[in-house]
Amino acid sequence: MAEAVIFDTDPGIDDAMAIAFAHKSPAVDLLGLTTTFGNGTIEQTTANAVFLKNQLGLDCQVFQGAGAPLEIEFDGPAHHVHGSDALGDTGYDIPAAGNQPDAVTFIIDTVRARPHEVTLVAVGRMTNLALAVRKAPDIAKLVKRVVIMGGVLGSTGIPGNVTPVAEANIFGDPHAADEMMRADWPLVMVGLDVTMKTIMTNDLVERLAQHSQMGALLAEIGAFYQRFYREVLKREGYPVHDSLAVAYLMAPHLFETQAGPIRVATEGLSMGQTIMGDMSRAANYALDGWLDVPDKQACISVQAQAVLDLYMETLMS
Ligand code: BDR
Ligand code: CA
């Protein structure tokens, strides 16, 4: 049976790819898209979610979420990475979304209505999830699992993407992310350690574009991302980031994970860093921040080619 998923997102070029991937996957039953600020303002990401829902033919609703982090200022939309409309400045007319129902209420009500059945996938700032757990702590025990795209352990030499140690989704609301990590629920972190190793090549983009309207749309949207990586980061192709969270749902055997308590630095030069402690040593650490923090899983390696094959097969099915 397909896994019931609430997809929390800030579309976003790679978010658009991940939404299409989840929509096409037989393993995923998309219950709703909940939006968060990040790649664009909340108004923009919500408008983009509605646009994608219509373009991709999703039969679930869009719910509008938080417009700002819990405790810090919004660090501003990532225009240089995703374009001024956060969907690659393709020139498509993306109408304002108007009033969409509230994301946090939707998350709480859905999880309570279907205990142990609903998976939360979060591929933007974790603000909505944190607000949901603050408002309804009981849902932590009622979700099936939580899969996030965010963070980086750095254990395989991959650095952060917005500071030397921080990944954008975590840096953008570190307090929310830390609350996610301290909550007692089964959470898997799909971070830069694996997403930076899974690269969408120009050739694959072209194959998708030739295959279907959906592929052509994703290629058009992705062209901005492609240019950013080529011109700014001097590399061909781009990491699929958010799609890896979907790939993890579909094929966890393609990932290797490491278990341990994870905390997020919420201030200073290390703000947004995701730091896994070693439970066997936690009692002897000079700081007690990792004590009594329930273990999480973090992906530390991926069979990247197999994930790309899965992405292509699913999108071309
Ligand atoms: C993450 O940040 C966002 O820009 C992307 O959509 C992805 O979720 C990568 O660090
Ligand atoms: Ca995202």
Side-chain angles (χ1 to χ4, degrees), residues 5-22 33-42 44-49 52 62 65-66 69 74-89 103 120-129 146-154 158-174 176-177 180 188-200 218 221-222 224-229 232-233 235 237-248 264 271-274 298-299 302:
V5 167
I6 296 177
F7 199 81
D8 194 68
T9 176
D10 60 335
I13 293 172
D14 59 315
D15 300 71
M17 295 165 64
I19 291 168
F21 191 21
L33 299 182
T34 54
T35 59
T36 181
F37 66 95
N39 293 326
T41 61
I42 188 63
Q44 185 70 61
T45 57
T46 307
N48 292 350
L52 290 167
V62 172
F74 179 19
D75 55 344
H79 285 159
H80 59 300
V81 188
H82 294 265
S84 60
D85 65 359
L87 269 192
D89 288 338
L120 304 178
V121 177
V123 298
R125 275 63 170 164
M126 318 289 149
T127 320
N128 291 333
L129 272 58
V146 182
V147 179
I148 66 164
M149 188 280 130
V152 57
L153 289 187
I158 301 282
N161 60 0
V162 289
T163 78
V165 294
E167 181 280 330
N169 288 339
I170 305 292
F171 182 83
D173 192 345
M180 296 302 87
V188 181
M189 175 179 131
V190 184
L192 299 178
D193 306 277
V194 288
T195 69
M196 288 305 291
K197 301 221 162 116
T198 314
I199 304 299
M200 193 69 189
L218 294 177
I221 292 173
F224 194 98
Y225 218 33
Q226 218 163 16
R227 269 197 309 279
F228 168 76
Y229 275 91
V232 180
L233 301 184
R235 61 189 295 174
Y238 47 85
V240 299
H241 287 318
D242 293 348
S243 288
L244 267 264
V246 179
Y248 183 84
V264 176
M271 187 169 92
Q273 183 171 11
T274 39
C299 294
V302 60

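Both counts, for ligands and for their atoms, begin at 1 and track the order of listing. Throughout, residue positions are numbered sequentially from 1 according to the sequence presented.
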How many angstroms lie between atom CG of Asp193 and atom SG of Cys299, to the nearest 0.5 angstrom?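 Output value for this atom pair is 8.5 Å.
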So which atom in Met126 and which in Ala177 form the shortest heavy-atom distance, rounded to 0.1 Å?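 Here Met126 and Ala177 meet closest at CG-CA, 4.1 Å.
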Aromatic centroids of His82 and Phe224 separated by under 6.0 Å: no
Evaluate Thr45 against Asp10 for side-chain hydrogen bond (donor to acceptor under 3.5 Å, both in side chains), listing each step before the verdict. CA-CA 5 Å; Thr45 57; Asp10 60 335; over 6 Å; no
Does ligand 1 have any N/O pairs with the protein under 3.5 Å, and how far apart?
{"residue": "ligand 1", "atom": "2 (O)", "partner": "Asn169", "partner atom": "OD1", "Å": "3.4"}
{"residue": "ligand 1", "atom": "4 (O)", "partner": "Asn39", "partner atom": "OD1", "Å": "2.6"}
{"residue": "ligand 1", "atom": "4 (O)", "partner": "His82", "partner atom": "NE2", "Å": "3.1"}
{"residue": "ligand 1", "atom": "6 (O)", "partner": "Asp14", "partner atom": "OD1", "Å": "2.6"}
{"residue": "ligand 1", "atom": "6 (O)", "partner": "Asp14", "partner atom": "OD2", "Å": "3.1"}
{"residue": "ligand 1", "atom": "6 (O)", "partner": "Asp15", "partner atom": "OD1", "Å": "2.9"}
{"residue": "ligand 1", "atom": "6 (O)", "partner": "Asn39", "partner atom": "ND2", "Å": "3.0"}
{"residue": "ligand 1", "atom": "6 (O)", "partner": "Asp242", "partner atom": "OD2", "Å": "3.3"}
{"residue": "ligand 1", "atom": "8 (O)", "partner": "Val123", "partner atom": "O", "Å": "2.9"}
{"residue": "ligand 1", "atom": "8 (O)", "partner": "Asn169", "partner atom": "ND2", "Å": "2.9"}
{"residue": "ligand 1", "atom": "8 (O)", "partner": "Asp242", "partner atom": "OD1", "Å": "2.5"}
{"residue": "ligand 1", "atom": "8 (O)", "partner": "Asp242", "partner atom": "OD2", "Å": "3.2"}
{"residue": "ligand 1", "atom": "10 (O)", "partner": "Asn161", "partner atom": "ND2", "Å": "2.8"}
{"residue": "ligand 1", "atom": "10 (O)", "partner": "Glu167", "partner atom": "OE2", "Å": "2.4"}

What is the total of protein N/O/S atoms that are closer to the Ca ion (ligand 2) than 3.0 Å?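 That number is 5, waters not included.
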Tell me yes or no: between the side chains of Thr195 and His241, is some donor less than 3.5 Å from an acceptor?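 Side-chain D/A pair, Thr195 to His241: present.
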Side-chain contact, heavy-atom cut-off 4.5 Å: Met189 with Met149? no
Would a 4.5 Å heavy-atom cut-off, applied to side chains only, mark Asn39 and Asp15 as touching?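 In short, these two side chains touch, coming nearer than 4.5 Å.
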As a quick check of understanding, evaluate side-chain hydrogen bond (donor to acceptor under 3.5 Å, both in side chains) for Thr34 and Asn128, giving each step before the final call. CA-CA 8 Å; Thr34 54; Asn128 291 333; 4.5 Å; no
Can you tell which of Val123, Leu120, Val190, Leu244 makes a side-chain contact (heavy atoms from CB on, under 4.5 Å) with Val147?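 When Val123, Leu120, Val190, Leu244 are each tested with Val147, the side-chain contact (heavy atoms from CB on, under 4.5 Å) holds only for Val190.
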